[in-house]
Structure formats: C-alpha cells, structure tokens
Amino acid sequence: MTSTSPKTIADWRPRADRLPQTSAFSDFMQETLGLTTRLFIQLKRRPSTLVAGIVQPLMWLLLFGALFQNIPKDLFGTDYGHFLGAGVIVFTAFVGALNAGLPVMFDREFGFLNRLLVAPLASRYSIVAASAIYIIALTLLQVVAIVGLSALLGAGLPGFSGAAIILLVVLLLVVGVTSLSLGLTFALPGHIELIAVIFVANLPLLFASTALAPLSFMPPWLQMIACLNPLSYAIEPIRYLYINPQWQWSSIILHAPWADVSFGAALLVLTGFALVSLVIIQPLLRRRLA
Amino acid sequence: MAAAVVVKNLRKSYGSSIAVRDVSFEVQAGEIFGLLGPNGAGKTTTIRCLCTLTKPDGGELEVAGVSVLKDPRSARSKLGYIAQEVALDKVLTGRELLNLQAAIYHLPKAIANQRIEFLTSILGLTEYINKKTGGYSGGLQRRLDLAAGLLHQPEVLILDEPTVGLDIESRVVVWDFLRQLKSTGTTILLTSHYLEEVDALADRVGIIDAGKVIATGTPSELKDRLGGERITLRIREFTTSAEADSTKDLLMQLPFVQEAIINANQGNSLNLVVHASDDALSQVQAALKSAGLPVFGIAQSRPSLDDVYLAATGKTLMDAEMATAGSRNLKAEKKQSMKN
C-alpha cells in the first residue's frame with residue numbers, strides 16, 4: 001500500500017504490510033499508552049472533572065479543617081488543619097481510584113469495551129494500568145493543590161524526600177484501589193450496583209481510618225478496624241513526615257492494638273495491599289475479558 | 001478452498017433460555033456468508049462466541065485456522081468485528097478513535113497513519129475525521145466503525161446486522177463497500193434479518209431459526225431446491241376469509257397449482273406455489289374471470305429466501321419477527337449476556 005496514489009478499494013491489500021515483530025512488553029506499553037491517551041483527551045474536553053476534583057478536597061481542608069480550629073493544640077500534636085492535610089490527600093486519592101471503575105462500566109454498558117475485548121491485547125491489565133496512570137496523574141494535581149493550600153494555612157512544605165514519599169504512597173494506594181474498583185466493574189451487573197458499592201464503601205472507610213482523628217480518640221473496636229484499613233497505612237506516613245521533618249524508616253508512626261507500626265512497615269503493608277489487589281482481580285479479568 | 005470460519009455444534013444458554021442450540025456452518029476463504037434469521041434466532045450469540053466475547057457451553061470455533069477457544073488472542077488478531085450497535089466515544093474525533101484502535105492492535109505509527117488516511121479516503125470520511133464522533137450521523141458512525149474494524153487488515157470481517165437502522169442511501173454505501181472488500185480477498189461473515197440484504201450480498205447463506213442452522217447453500221441453490229414459482233394474488237384490497245377460502249378451493253383445482261396459502265396478515269391474499277410454466281399466470285386470471293372474481297393485484301415470481309424460510313420453519317420471517325418481538329425480554333437478555 002502506498003500513501004501517494006491509491007484511493008480505491010482495489011489498493012487495499014490485506015496483510016500486505018509486513019509488521020515488525022514486537023515483544024509482549026512493547027505491545028502492553030503501546031496499548032496502555034493508547035488507552036491512557038483516551039482518558040486524558042476526555043479530561044481535556046471535559047475540564048469540569050478536573051476543576052471539581054481540585055475544588056472538592058480544598059473545600060474539605062478549608063471547611064472541615066476550620067471545624068476544629070479552636071480545639072487545644074496538644075490534642076492533635078499540631079493544629080487540626082495541619083493534622084487533616086494527610087487525611088485529605090489520601091482520601092482524595094482513594095475516592096479517585098474507587099471511582100476508576102465507573103467509566104469502564106459505562107464503556108461496558110455502551111458496548112465500547114467490546115472494542116478492547118475483541119482486540120488482541122497483550123494483557124487486559126493494560127486497562128487497569130491506563131486507569132491507574134490517569135488517576136495517579138489526576139491525584140497528583142489535586143495533591144499539589146492540597147499541599148499548596150496547606151502551606152498557605154501554615155503547614156509548611158514537605159521536603160524532596162517527603163514529596164517522594166507522598167508520590168509513592170499515592171501510587172501504591174491508587175494501584176490497589178483502582179484494581180479493586182475495576183474488579184468490581186467486571187463482577188457487578190451494572191453501574192447502579194457499582195455506584196451503590198462506592199457509596200457504601202466511601203465514607204465508612206474514611207471514618208474507620210485515621211484521616212479525621214488519631215487512633216487514641218477511638219474506642220478499641222474502631223481502633224482494630226482502623227488498623228486493618230489500608231487508608232490508615234497511607235495517611236500515617238504522610239502525616240508523620242508533615243509533622244516530623246526528621247523521619248526514618250524505623251520511626252513509629254502508628255500504635256496498632258497488636259504492635260507498633262514503623263514508617264517502613266506501613267509502606268510494606270501498602271505494597272502488599274497493591275499486589276494482593278492486582279492478583280485477586282485476575283480471575284475476574286479473565287472471566288469477564290477472556 | 002479452505003474454510004476461514006468454522007462453527008461446529010455450538011451451544012450456548014443464558015440461564016434457562018437457550019440462545020444457540022446446535023449451530024454448525026463453515027465460511028470459505030474470500031466469500032461473503034450471510035447468517036439469516038429473525039431477531040432472537042441466535043445470530044448475535046453465535047457471533048459473540050466467534051469474537052471471543054462470550055464463552056460457549058460447547059462446540060468448536062475456528063477463525064482463519066486458529067481455534068478461538070484454545071488461542072483466543074491469536075484468533076482476535078485475525079478477525080475484525082463490527083457490532084450491531086455502533087459504540088463510539090463521542091468525545092473523541094474519528095481520527096483519535098482510529099489511533100486508539102491502532103494502539104490496541106499494536107500497529108506501528110507510520111503504518112497506522114497510512115491506513116487511516118486510506119480508509120478515511122475510500123469511506124468518504126475525510127471531511128469528518130477530525131470532528132468529534134458525537135456529531136456523526138448514523139451512516140457516518142457506521143463507516144467509521146468499518147474503518148476501525150478493518151484497520152488491522154483482518155482476514156475475516158464479522159459484521160452483526162451491518163445496516164440495521166440505516167437509511168437506504170447509507171445501506172447501499174455499506175453494501176457496495178462490502179462487495180468491493182470481498183474482491184480484495186477478505187472473508188466476510190454477516191448476520192442479518194433483512195432478506196434483501198442477504199440476497200444482494202451473500203455468496204452463501206445459512207438460515208438460522210431457534211438456535212439451529214436449518215439450511216445452508218447459495219441463495220440460488222436454496223431457492224431452486226424449493227422448485228416451482230410463486231403467484232401472489234389479491235382479489236380485493238381486503239378480501240373476506242370466506243371469499244379467500246372459496247378462491248383457494250377454486251384455484252387448487254388447476255393442475256399446475258401445488259399449494260395455496262392464505263396470508264391473513266396481507267388482507268387475505270393468496271400465495272400459490274405452481275409448477276414453472278409460461279402461462280400459469282394467464283390461466284389463473286382466466287379461472288378467476290370465469291368464476292366472476294375480480295383481481296386487485298397479481299404477480300408471479302421465483303421463490304425468495306423468505307419462501308425458503310417458510311418452507312423450512314412453517315412461518316415467514318416477518319411472522320417469526322412478530323412472534324419473538326412479543327416474547328423476548330431484551331433487558332434480561334442483555335444483563336445475562338454481560339454476565340457471561
């Protein structure tokens with residue numbers, strides 16, 4: 001096929017082009033890039049998602065932070081707005097990732113997903129990867145806004161290593177929660193059910209974490225739940241480095257009922273959470289997508 | 001000629017409802033094969049199984065020599081699928097959609113660009129390709145869908161009801177394109193419940209009813225197999241059933257009339273099956289005249305695919321459509337198919 005003359009169907013020569021041999025990895029990268037590009041084009045053409053996504057956590061920080069403005073400082077170890085910042089960052093990432101399944105569910109309901117399912121994708125994890133990359137990028141923009149507002153409110157700015165830890169925590173949390181959300185997308189019959197699950201999971205997981213209050217404020221049973229909640233393991237490292245500029249991997253950041261949890265251990269828990277999430281959705285991806 | 005598509009003893013149920021009972025057919029390389037049947041006959045389920053979208057309960061499926069069940073990924077690379085309902089992302093432009101399509105089929109950028117330019121040009125999409133698909137008409141959407149399905153140059157193109165919902169002009173454009181595509185050596189399998197579509201396009205036809213293929217052959221073979229010719233007669237615009245009955249009795253006495261069926265849905269018109277002869281029509285007219293009966297309309301024709309369907313199932317395609325339209329729960333079916 002030449003690009004100069006043709007323009008009749010007779011010039012269409014099926015399978016005439018010799019396509020270069022490609023590896024499964026480069027195929028995976030190409031399809032992930034294609035799928036991610038689509039999500040960013042959608043964002044660019046519907047910027048309201050981005051605007052709402054940035055305004056909402058700032059409202060949380062501003063209004064919820066002001067709610068306990070006059071509480072004695074020693075209760076939280078710092079002023080409440082400062083304390084809350086880590087919770088808002090993590091909760092923002094969590095909500096974004098939890099909602100990642102929705103566009104895929106709509107693709108499934110409108111038949112667009114069939115385009116992907118009849119294509120010889122190197123791995124259907126490219127759908128998960130594209131969603132995760134998109135949510136991570138979106139969350140980072142939100143985090144920049146939250147960190148910026150926190151700084152204006154007097155919380156200071158995290159250093160370079162602090163910023164790197166925030167990035168790592170967001171990445172691990174988003175990969176884990178996005179996987180679960182996409183798993184639900186393929187396990188549930190439709191978007192109504194998915195939205196119901198998101199509604200049910202959303203706020204209880206926030207309340208049953210250390211986002212809004214420290215562990216010591218909670219009754220023992222809630223402490224147990226909060227220490228089983230992956231959100232706490234994302235919130236505490238960020239909070240620790242916000243309040244203690246000198247942090248170490250061995251620094252104790254959470255006093256769980258069964259043991260003290262160090263900075264490094266919290267990140268290991270988050271890594272485990274991301275890996276387990278990726279693995280447990282595999283049968284769902286295969287069943288739905290095979 | 002090697003078979004480009006093999007479907008053997010395919011079975012699929014959704015819960016208690018049997019969508020495909022036992023479907024078997026082969027599509028030869030380079031031909032257009034039409035799967036004809038009323039809505040709900042099992043056409044879409046058969047296609048979904050072939051395209052790896054639905055896991056069958058049993059049977060064998062092959063596309064371009066590759067087992068769909070054993071090596072689905074390889075089978076996917078060899079087939080192009082055009083769904084019944086065009087699903088586009090209305091936020092994307094036509095070009096952006098084709099770029100995405102190129103990415104998920106792993107085409108190098110340069111080759112993808114050449115093919116997009118080519119397909120856009122021959123499908124008359126050049127003017128619209130950089131516009132958002134949300135503004136496309138039904139015909140444009142279908143053409144873009146064709147371009148997307150062909151971008152990776154599949155050996156087999158599978159189309160589910162390719163012209164349903166299209167205006168006549170767009171339908172003819174699609175038909176012409178498929179005929180031309182066939183001339184390039186691409187094998188085409190299409191489903192349709194439009195008789196004229198299958199008659200106009202297909203080299204061979206499989207007639208499917210209630211989840212089974214009941215006849216296969218070229219349209220001419222199937223019609224010739226029935227033999228005879230058809231005379232469709234209306235005495236009046238709306239004939240009473242008593243008058244239709246008496247006319248039937250009268251005409252059955254003619255030696256060349258094999259069968260007479262009263263079609264109540266068509267104002268009690270009479271469908272006669274007659275031995276092929278030059279003067280059958282004039283003899284029927286003469287018999288009616290001598291009995292003092294008027295003629296509102298009369299026509300002689302060769303058997304149609306609808307006659308083939310009628311002979312095999314005892315009902316016309318339209319009757320079958322009406323019967324299934326009343327009994328199907330499309331919402332429940334869609335939910336079931338999403339689960340499987």
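If you're wondering where the values come from, they're calculated on a predicted model, not measured in any experiment. Naming convention: chains lettered A, B, ... in sequence-line order (proteins, then strands); numbering from 1 in each chain.
- Proximity to chain A is absent for every atom of Thr126(B), based on heavy atoms less than 4.5 angstrom apart.
- If you tally non-hydrogen atom pairs under 4.5 Å between each of Gly111(A), Ala119(A), Gly34(A) and chain B, the highest count goes to Ala119(A).
- Using a 4.5 Å cut-off between heavy atoms, Leu97(B) touches chain A through its side chain atoms alone.
- The two residues Arg73(B) and Asp27(A) have their closest heavy-atom pair at NH2-OD2, 3.6 Å.
- Only the side chain of Glu96(B) comes within contact range of chain A, judged by heavy atoms closer than 4.5 Å.
- Contacts of Ala75(B) with chain A are absent, with no heavy-atom separation under 4.5 Å from either backbone or side chain.
- One finds the CD1 atom of Ile104(B) at 13.0 Å from the CG atom of Leu33(A) (value rounded to the nearest 0.5 Å).
- Between the side chain of Gln30(A) and the main chain of Leu107(B), a donor-acceptor pair closer than 3.5 Å is present.
- Within the 4.5 Å cutoff, the side chain of Leu100(B) has no heavy atoms near those of the Glu31(A) side chain.
- The candidate from Leu88(B), Val86(B), Asn113(B) with the greatest count of non-hydrogen atom pairs under 4.5 Å with chain A is Leu88(B).
- Looking at Arg76(B), its side chain does come within 3.5 Å of a backbone N or O of Leu117(A) through a donor-acceptor pair.
- Both the backbone and the side chain of Asp89(B) have a heavy atom closer than 4.5 Å to some heavy atom of chain A.
- Annotation: side chain of Arg38(A) is not in contact with side chain of Val91(B) (no heavy-atom distance under 4.5 Å).
- Using a 4.5 Å cut-off between heavy atoms, Leu150(B) touches chain A through backbone and side chain atoms alike.
- Note: Lys90(B) NZ to Phe110(A) CZ = 7.5 Å, rounded to the nearest 0.5 Å.
- In this structure the side chain of Arg115(A) reaches within 4.5 angstrom of the side chain of Asp145(B), judged on heavy atoms.
- Contact of Lys132(B) with chain A is made through the side chain alone, with heavy-atom distances under 4.5 Å.
- Separating the CG atom in Asn99(B) from the OG1 atom in Thr37(A) is a distance of 9.0 Å, to the nearest 0.5 Å.
- Between Leu92(B) and Arg45(A), the closest heavy-atom pair is CA-NH1, 4.0 Å.
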